[in-house]
Amino acid sequence: MRDCIFCKIVNKQIPSKIIYEDEIAVAFEDVNPQAPVHALIIPKKHIPTLADFSEEDYGIIPHIFKIANRIAKEKGIAERGYRIVNNCNAESGQTVFHIHFHLLGGRQMHWPPG
Ligand code: DGP
């Protein structure tokens with residue numbers, strides 16, 4: 001999608017620190033990290049939110065989780081613990097409308113989230 005910032009990252013039209021990439025997904029460092037490890041994992045396909053998934057899109061989810069676990073292991077946080085977050089639509093705090101999963105770790109997390 002032309003005006004989507006994450007599509008521009010996928011298409012290398014704007015720079016990002018890419019950690020992982022395959023034909024389905026890309027993972028890169030969040031520009032405003034909220035933890036020592038803060039990656040965003042996104043499908044290359046432009047889907048605005050989880051609520052916009054069609055039946056054919058659900059296969060992306062296990063793929064994203066597999067990438068998250070791989071990155072967590074590479075970053076040394078798999079045993080300590082990590083959190084995966086998806087914000088869906090305005091009340092959750094979603095600001096970029098290309099679905100993304102936050103992988104956060106490297107510090108003590110709190111519950112409930114704000
Ligand atoms: P959310 O609130 O769930 O929509 O999170 C959007 C995240 O995207 C937020 O943590 C900051 C990050 N972000 C926004 N623009 C950019 C960008 O241009 N590059 C990178 N690397 N991250 C971005």
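Everything numeric here is computed off the predicted structure, so don't read it as measured data. Atoms within a ligand are numbered from 1 in the order they appear, just like the ligands themselves.
Residue V85 does not touch ligand 1, judged by heavy-atom distances below 4.0 Å. The proximity of F101 to ligand 1, defined as any non-hydrogen pair under 4.0 Å, does not occur for either the backbone or the side chain.
Residue contacts with ligand 1: N87 is placed with a nitrogen or oxygen under 3.5 Å of a nitrogen or oxygen of the ligand (distance criterion only). The shortest N/O to N/O separation between F28 and ligand 1 does not fall below 3.5 Å. Residue contacts with ligand 1: I5 is placed with no nitrogen or oxygen under 3.5 Å of a nitrogen or oxygen of the ligand (distance criterion only).
Taking 4.0 Å as the cut-off, F97 does not count as a neighbour of ligand 1 on heavy-atom distance. The closest approach between H102 and ligand 1 falls below 4.0 Å for a heavy atom of the residue. Ligand 1 lies less than 4.0 angstrom from a heavy atom belonging to H100. Distances shorter than 4.0 angstrom do not occur between any heavy atom of S16 and any atom of ligand 1.
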What verdict does the side-chain hydrogen bond (donor to acceptor under 3.5 Å, both in side chains) test give for D57 and S54, after you've listed the backbone C-alpha separation in whole Å, the side-chain angles of each residue and the deciding distance to 0.1 Å?
CA-CA 5 Å; D57 294 325; S54 60; 3.0 Å; yes

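At a threshold of 4.5 Å between non-hydrogen side-chain atoms, the residues D30 and L104 do not count as touching. The shortest distance between side-chain heavy atoms of I42 and F28 falls below 4.5 Å. Within the 4.5 Å cutoff, side-chain heavy atoms of K12 are placed close to those of E21. Residues I60 and I47 have side chains in contact (heavy-atom distance under 4.5 Å, counting atoms from C-beta outward). When side chains are defined from C-beta on, F6 does not count as touching V26, because their heavy atoms never get closer than 4.5 Å. Within the 4.5 Å cutoff, no side-chain heavy atoms of T49 are placed close to those of I99.
Closest of all the heavy-atom pairs between H98 and K45 is NE2-O, 3.4 Å. Here the closest heavy-atom approach between residue C7 and residue M1 is recorded as SG-N, 3.3 Å.
Considering only non-hydrogen protein atoms, atom 11 (C) of ligand 1 sits nearest to D30 OD1, 3.3 Å. In this structure, atom 19 (N) of ligand 1 lies nearest to the protein heavy atom I9 CD1, 3.7 Å. Nearest non-hydrogen protein atom to atom 16 (C) of ligand 1 is V31 CG1, 3.8 Å. Protein heavy atom at the shortest distance from atom 2 (O) of ligand 1 is G93 O, 3.0 Å. The protein atom (non-hydrogen) at minimum distance from atom 14 (C) of ligand 1 is V96 CG2, 3.9 Å. Looking at atom 21 (N) of ligand 1, its nearest protein heavy atom turns out to be E29 O, 2.9 Å.
Under the 30°/60° scheme for interplanar angles, the aromatic rings of H38 and H102 are found to be tilted.
In the candidate list I18, N32, T95, T49, T95 is nearest to atom 4 (O) of ligand 1, counting heavy atoms.
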